[in-house]
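Notes for the one structure printed next.
We name chains A, B, ... by the order of the sequence lines, and we start the count at 1 in each one. The shown structure was predicted, so the numbers you read here are calculated from the model rather than taken from an experiment.
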Number of protein chains: 2
Amino acid sequence: MSLGVVLQVRDGVLQVLLWQRARAPFEGSWSLPGGYLVPDETLETSIRRHLADKVDVRELSHLEQLETLSDPQRSPQEWQLATAYLGLVPSELDPRVPSDTDWHPVDGLPALAFDHEAIVLAGRERLRAKLSYTNLGFALAPAEFTISELRDLYAAALGHDVSATNLQRVLLRRRVLEGTGRLRPPGPAGGRPGALFRFRKQTLEITDQFAVLRPPGPARVPVA
Amino acid sequence: MSLGVVLQVRDGVLQVLLWQRARAPFEGSWSLPGGYLVPDETLETSIRRHLADKVDVRELSHLEQLETLSDPQRSPQEWQLATAYLGLVPSELDPRVPSDTDWHPVDGLPALAFDHEAIVLAGRERLRAKLSYTNLGFALAPAEFTISELRDLYAAALGHDVSATNLQRVLLRRRVLEGTGRLRPPGPAGGRPGALFRFRKQTLEITDQFAVLRPPGPARVPVA
DNA sequence: GCAAAAGTGTTGTGTCTACACCCATGT
DNA sequence: ACATGGGTGTAGACACAACACTTTTGC
């Protein structure tokens, strides 16, 4: 079967979409959405189908495989293999979800069915790691945003404060962001209007390729 | 089913263990070792069992899950899910393998059955990435080695030259290596004897935790 | 003018590459 | 002595964090 860890920053907090089980085992407790495969279906197709059917989530900005769980003890009833996926939803969307489905902060989860808590935490770890060395921020952010707004998204996902100053410089140096030329007018409290940025790419790219032990040769020239 | 990408540096070249198929489809062509699960078996148990049974490889220094393949077209006969694992064998071992099994350089693979070529390359990518930001080198190296020997292993795995000078400094600064106090006597051509080192840990550890966007606060003190 | 929010200048630090130089051994 | 291979010293490039300062707005 396939399972989806769908994450979104909502109200400034990283949240995961959970589904309340209607049947034993773990009747009534929260679990990850997902379900069985149908014949000749890809795992990715399967999780997309289950997310669209059961929880009406279609606007995934990113989807990647996490891991496959196979411990014979993970389900009390039967031996069950499950492949978990990480899905991300941009921050301004509010997909309509059925009544048995809701968002929960990843800090402060209720008791989850099966081994789902560990899977949620693994998904968050994957997100945190990739925010550091890829452009994955595109999947959390709306189409256009100010640096402050983006800083809040990164802070919620990473779980610690992020400096807007340095975030801007890192992402611009890596050419992950580009300015739109437009400005966001300030709120009623005043303040300088913020410049609006967007991600240059909406697909995953590694932006910090070689941590160390990179190939010999002259320093790579920054893209002109 | 489970599949294993077993890699080892042999004769200074990164090689993968392949198994020659005896049955259709792809009769006679090379493929990754592996096979079906038996009930109540973990995927990891399964791949270890198949590697031990069929190819007599028991001395894996590292084993981790790569990904699960599910394309309905990947096997011409039937719809087949396969979970691929990356296994590593230290460089000085020469496990006894049956006659239908052999090592092949990853640069210069024969035509492989199914989608196995892509899986091998994915395994190599995983290895290359983790050599940069973890202590995974322990899984390629013998118990003790000189920096030159280790340099050759890294160069074979990474596919480019590596400077022994800098490799030593990086791995010592990160406290991944430690000296043994012993020396390797020089060969017949003479030369200064090389100091012998070993990896401090034989289990995977991240040694370059935050590429960027690390939490605020005073600089982490290097371990005294 | 003053508060609020955004953005820039600048300094310091740590980590890495590159390369010159020195050290220990065999013949 | 000299060739061979191992190891250290050091300088420069770079990316980043931190923080002070400036800019632009509302009131």
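- A straight line from CZ of A:Phe145 to P of C:dA6 spans 14 Å, rounded to a whole angstrom.
- Per the geometry, CD belonging to B:Gln168 stands 17 Å off P belonging to C:dT15, to the nearest Å.
- In plain terms, the two heavy atoms of B:Ser61 and B:Phe138 that are nearest each other are O-CE1, 3.5 Å.
- In this view, B:Arg169 satisfies the salt bridge (charged side-chain N to carboxylate O under 4.0 Å, His left out) rule with no residue, not counting sequence neighbours.
- Within the structure, side-chain hydrogen bond (donor to acceptor under 3.5 Å, both in side chains) contacts touching residues 179-193 of chain B (residues at least two apart or in different chains) are B:Glu144-B:Arg182, B:Glu149-B:Arg184.
- Atom pair B:Leu150:CG and D:dG6:C1' shows a separation of 14 Å (rounding to whole Å applied).
- Neither OP1 nor OP2 of C:dT17 sits under 4.0 Å from any side-chain N or O of B:Arg173.
- Residue A:Ala164 is classed as having no contact, given no heavy-atom separation below 4.0 Å to the nucleic acid.
- Evaluation of the salt bridge (charged side-chain N to carboxylate O under 4.0 Å, His left out) rule for B:Arg151 yields no partner, not counting sequence neighbours.
- Side chain A:Arg169 to base C:dG9: a donor-acceptor pair is found below 3.5 Å.
- The interatomic distance linking A:Ile147 (CD1) with D:dT24 (P) rounds to 18 Å, in whole Å.
- With ring centers used as reference points, A:Phe199 lies under 6.0 Å from A:Phe145.
- For B:Tyr133 and C:dC16, the OH to P distance is 16 Å, given to the nearest whole Å.
- B:Asn166 places its CG atom 7 Å from the C1' atom of C:dA18, with the value rounded to the nearest Å.
- Proximity of residues 180-193 of chain A to DNA chain C (heavy atom under 4.0 angstrom from any strand atom) is restricted to A:Ala189, A:Gly190, A:Gly191, A:Arg192, A:Pro193.
- For the salt bridge (charged side-chain N to carboxylate O under 4.0 Å, His left out) test, residues two or more places apart in sequence or in another chain that qualify with A:Arg128 are A:Glu125.
- Whole-Å rounding puts the A:Leu167 CG to D:dA17 C1' distance at 13 Å.
- Partners of B:Asp152 by salt bridge (charged side-chain N to carboxylate O under 4.0 Å, His left out), not counting sequence neighbours: none found.
- Rounding to whole angstrom units, CG of residue A:Leu172 and P of C:dG9 are separated by 13 Å.
- Residue A:Thr165 is in base contact, counting any heavy-atom pair closer than 4.0 Å across all strands shown.
- Look at A:Ser163 and you won't find any side-chain N or O under 4.0 angstrom from OP1 or OP2 of D:dA17.
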